[in-house]
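Position 1 is the first residue of the sequence, and the numbers go up from there. These values consider heavy atoms only, across backbone and side chains, with no hydrogens, waters or symmetry-generated copies.
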Amino acid sequence: MKKDAIVAIAFPGMKYELYQNIPEEMKTLWDDEALEMWHSIEWWKPKFEPYLKDFQIGEMECFDQAWQDWLSCDNPYAVEDRVMIATDHGRYMNLIKLSDMIK
């Protein structure tokens, strides 16, 4: 990306790091790829901060609405995710937002 380009990213994450201590009820619901990619805001901060000017990262307030929109469709992946979201019940997962400009 070019210098001064605007960056706006949203991605799934965790409220805190769980990779080494996965809750028992979630073990069958999270595959290895998700566990390698879904991290906490604190984990992501040092990955982005050196490259951005006025770095802002936080939890998106629309988590429930975004998931409900997804889960209400008949996509086979959405159908599979229904049990995961019901089991999580807002305890572990979040949606992370990041915005800034490239240095």
Side-chain angles (χ1 to χ4, degrees):
M1 291 198 286
K2 301 190 291 187
K3 182 181 185 296
D4 293 331
I6 295 172
V7 176
I9 303 171
F11 50 94
M14 297 291 189
K15 292 182 181 280
Y16 50 91
E17 287 302 306
L18 293 168
Y19 193 69
Q20 300 301 322
N21 193 21
I22 301 164
E24 197 63 40
E25 68 273 20
M26 302 306 291
K27 286 182 179 179
T28 61
L29 301 171
W30 290 333
D31 62 23
D32 288 339
E33 182 180 13
L35 291 170
E36 289 176 18
M37 296 301 298
W38 295 355
H39 291 284
S40 67
I41 291 169
E42 293 304 315
W43 188 92
W44 283 110
K45 276 183 182 179
K47 311 294 190 265
F48 289 106
E49 214 163 20
Y51 306 102
L52 301 172
K53 290 180 182 179
D54 297 313
F55 178 69
Q56 295 179 19
I57 188 170
E59 188 169 342
M60 295 180 74
E61 296 171 7
C62 68
F63 180 85
D64 290 334
Q65 184 61 50
W67 274 106
Q68 290 313 311
D69 289 349
W70 169 244
L71 298 175
S72 68
C73 76
D74 62 357
N75 180 294
Y77 293 107
V79 172
E80 289 178 16
D81 286 346
R82 290 174 186 162
V83 172
M84 176 184 66
I85 294 301
T87 304
D88 174 82
H89 197 58
R91 295 175 295 168
Y92 311 116
M93 298 170 58
N94 65 6
L95 291 174
I96 296 172
K97 62 183 176 181
L98 180 143
S99 62
D100 204 346
M101 294 180 77
I102 301 293
K103 285 183 181 179

[Y] reachable from [X] in the ILVMFWY side-chain graph, under 4.5 Å edges:
X     : Y     : result
Leu35 : Trp44 : no
Tyr19 : Trp38 : yes
Tyr92 : Ile96 : no
Met14 : Phe11 : no
Phe63 : Ile41 : no

Please check this pair: side chain of [X] against backbone of [Y], looking for a donor-acceptor N/O pair closer than 3.5 Å.
X     : Y     : result
Asn94 : Glu59 : no
Asp81 : Met84 : no
Glu17 : Ser40 : yes

**OP:** Let me see the working for Trp67 and Met93 under side chain to side chain contact (heavy atoms under 4.5 Å, CB included), right down to the final yes or no.
**Re:** CA-CA 11 Å; Trp67 274 106; Met93 298 170 58; 3.7 Å; yes
**OP:** Verify whether the ring centers belonging to Tyr77 and Trp70 lie closer than 6.0 Å.
**Re:** no
**OP:** Mark yes or no: Lys45 above the aromatic ring of Trp43, with NZ or CZ under 6.0 Å from the six-membered ring centre and no more than 45 degrees from the axis.
**Re:** no
Once rounded to the nearest 0.5 Å, what's the spacing between atom [atom1] of [X] and atom [atom2] of [Y]?
X     : Y     : atom1 : atom2 : result
Glu49 : Gln56 : CD    : CD    : 11.5 Å
Leu98 : Met60 : CG    : CE    : 11.5 Å
Leu29 : Lys27 : CG    : NZ    : 12.0 Å

Original post:
Any side-chain heavy atom of Pro23 sitting closer than 4.5 Å to one from Met26?
Top reply: yes
Subject >> Ser72 versus Asp69, closest heavy-atom pair with distance >> reply: OG-O, 2.9 Å
Subject >> Closest non-hydrogen atom pair between Leu95 and Pro12, with its separation >> reply: CD2-CA, 4.0 Å
Subject >> Aromatic plane relationship, Phe48 with Phe55 - under 30° parallel, 30 to 60° tilted, over 60° perpendicular >> reply: parallel
**OP:** Apply the test salt bridge (Lys or Arg N to Asp or Glu O under 4.0 Å) to residues Arg91 and Glu25: give CA-CA distance (whole Å), side-chain angles for both, the deciding distance (0.1 Å), then the verdict.
**Re:** CA-CA 12 Å; Arg91 295 175 295 168; Glu25 68 273 20; 3.1 Å; yes
